[in-house]
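First the proteins, then the strands, lettered A, B, ... as listed; each starts at 1.
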Number of protein chains: 2
Amino acid sequence: MSEPIRVLLADDQALVRGALAALLSLEPDLTVVAEVGRGDEVVPEARRTAPDVALLDVEMPGLDGIAATAALRAALPTCRVLVVTTFGRPGYLRRAMEAGANGFVVKDTPARQLAEAVRRVHAGLRVVDPTLAAETLATGASPLTERETDVLRAARHGGTVADLAAALHLSEGTVRNHLSAAIGKTGARNRAEAVRIAEQNGWLLGD
Amino acid sequence: MSEPIRVLLADDQALVRGALAALLSLEPDLTVVAEVGRGDEVVPEARRTAPDVALLDVEMPGLDGIAATAALRAALPTCRVLVVTTFGRPGYLRRAMEAGANGFVVKDTPARQLAEAVRRVHAGLRVVDPTLAAETLATGASPLTERETDVLRAARHGGTVADLAAALHLSEGTVRNHLSAAIGKTGARNRAEAVRIAEQNGWLLGD
DNA sequence: CCCCCGCCCTGACAAATGTCATGGCCGGAA
DNA sequence: TTCCGGCCATGACATTTGTCAGGGCGGGGG
């Protein structure tokens, strides 16, 4: 039998991270060689420990999992990436794949399948949650323009138009116009709903 | 040495649930006797397996963890409850304790401490995340009246005032008034912000 | 070269939202 | 009993938000 597969774990919730480590450690052919809780710690730690596969959560402080995927692929091209996330948002899958991920799994897949997914990714295969794959094709990429995305992102916290205008250095009229466009494109009936829809589709990544 | 502690796990994310099971199974004095993915499966499964400690997530379909806690305490008073949650929302802790929980842990506590928390709860001690305890005292109970809470809950999805009025069988003026009151009490500057604040404080439980 | 198309920016107008004063209802205190 | 205070309900009014038409800028195709 060959060397065990070296795995790096990245998840912001320490409890979940530790639990996943315990789960994977049950498999004789897998070793967890590193654990990190922030996206910006992924690359430094990967350089140090040279993992074969990195298991990255999408929701992380510092750098989200998608950005961390891109950074890791650039820094260590031989390291495979398996993205894991809580929410089955179609946009996440698309963005993850564009960033160079080798696999994508949502957190409500059965626990027994995770080790198998790691093995498949390590073997060079692509692993994609099948239910999500169909949905991704249906919803497609973001229809939002760059500025519209900026404005929606800023609107998440619930400020007034004046606040957004100040934060983005735009006139209030402009902000209203971008919001209006975003509302139209998302099919929403007001700002709050547009934010919710865009967020659910994963169109607001990048803080 | 006495019998191992029997544990029931409830979490809607199968991967996390399985991982927690793996983590706890590493401890020789703990046995995971049941796993469920919905709040409304907790009591039936507990009746069947007679656990000593139930580990409940707050965010679950069917019945949230707080409601499940109350139901479980009523059905099997000898079973201790340890509530686990992703978000350290002060209101959650308060509500969980009022519902009869014996402990409360957030998911970014270190993994090693979970087994210890289970043991303490089983021994009859209370386990509370210390940082959260202070915050709870500071933010206190919800200042929102029942109707205000209803209206904010309905407003989460982002509908218009007309929608809310129809859903709650109220006049539009009334809905606006309740929203205005909620905005005032939360210190928000518009509806969306009020929803966000109330949600963060755990004042909107109960779907 | 010129045209066209899309994105960005802006102000004026219409529509929705938030505020306020008012009145009905109920339960506890005087 | 009567009064008081809190919650709920409602309509009129001011403010904010969403829509629209229009102009500037830059890249790609004819």
Side-chain angles (χ1 to χ4, degrees), chain A residues 91 95 98 140-201 203-206, chain B residues 91 95 98 139-206:
Chain A
R95 300 281 298 272
E98 287 171 1
S142 173
L144 299 174
T145 190
E146 190 184 343
R147 271 287 188 262
E148 288 158 8
T149 308
D150 289 343
V151 174
L152 272 195
R153 264 205 285 267
R156 274 187 298 190
H157 305 300
T160 83
V161 170
D163 295 340
L164 307 191
L168 299 172
H169 306 291
L170 292 175
S171 115
E172 302 197 4
T174 305
V175 170
R176 288 211 197 84
N177 192 24
H178 286 309
L179 282 172
S180 181
I183 290 170
K185 288 181 181 176
T186 54
R189 292 224 296 312
N190 56 47
R191 180 187 316 190
E193 201 177 359
V195 166
R196 190 173 58 78
I197 291 172
E199 216 162 33
Q200 283 181 356
N201 287 353
W203 295 338
L204 258 37
L205 279 183
Chain B
R95 299 282 300 268
E98 286 171 0
T139 48
S142 172
L144 299 174
T145 190
E146 189 184 343
R147 272 286 188 266
E148 288 159 8
T149 308
D150 289 344
V151 174
L152 272 194
R153 264 204 285 267
R156 275 187 296 191
H157 305 300
T160 83
V161 170
D163 295 340
L164 307 190
L168 299 172
H169 307 291
L170 291 176
S171 114
E172 301 198 5
T174 304
V175 171
R176 289 211 197 85
N177 191 26
H178 286 308
L179 283 172
S180 181
I183 290 169
K185 288 181 181 177
T186 54
R189 291 230 292 313
N190 57 46
R191 183 186 314 191
E193 202 178 357
V195 167
R196 190 174 57 77
I197 291 172
E199 217 163 33
Q200 283 181 356
N201 287 354
W203 295 338
L204 259 38
L205 281 182

>> Does Glu172(A) form a side-chain contact (heavy atoms from CB on, under 4.5 Å) with Val175(A)? I'd like the steps, not just the answer.
In response: CA-CA 5 Å; Glu172(A) 302 197 4; Val175(A) 170; 5.6 Å; no
>> As a quick check of understanding, evaluate side-chain contact (heavy atoms from CB on, under 4.5 Å) for Asp163(A) and Arg189(B), giving each step before the final call.
In response: CA-CA 11 Å; Asp163(A) 295 340; Arg189(B) 291 230 292 313; 2.5 Å; yes
>> Between Glu148(A) and Lys185(A), is the side-chain contact (heavy atoms from CB on, under 4.5 Å) condition met? List the steps.
In response: CA-CA 10 Å; Glu148(A) 288 158 8; Lys185(A) 288 181 181 176; 3.0 Å; yes
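First and last contacts of DNA chain D with chain B, using any nucleotide atom under 4.0 Å from a protein heavy atom and ordered 5' to 3', fall at dC7(D) to dG11(D).
Here the CZ-CD distance, from Arg153(B) to Glu199(B), works out to 11.0 Å after rounding to the nearest 0.5 Å. Distance check: Thr186(A) OG1 to Asn201(A) CG gives 9.0 Å after rounding to the nearest 0.5 Å. Rounded to the nearest 0.5 Å, atoms CZ (Arg191(A)) and CZ (Arg176(A)) are 8.5 Å apart.
Regarding His178(A), its NE2 atom lies at a distance of 9 Å from the P atom of dT10(C), rounded to whole Å. Atom-to-atom, CG of Leu164(A) to C1' of dC9(C) comes out at 16 Å; the value is rounded to the nearest Å. Rounded to a whole Å, the CG atom of Leu170(A) is 17 Å from the P atom of dC7(C).
Sparse packing is recorded around CD of Glu146(A), with 12 or fewer heavy atoms of other residues, nucleotides or ligands lying under 6.0 Å away.
Partner of His178(A) under the side chain to side chain contact (heavy atoms under 4.5 Å, CB included) criterion, out of Leu144(A), Asp150(A), Val151(A): Val151(A) alone.
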> What does nucleotides 11-27 of chain C look like as a protein-contact string, B for base, S for sugar-phosphate only, - for none, at under 4.0 angstrom between heavy atoms?
Replying inline: B-----BBBB-------
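Distances shorter than 4.0 Å separate none of the side-chain N or O atoms of Thr145(A) from OP1 or OP2 on dG6(C).
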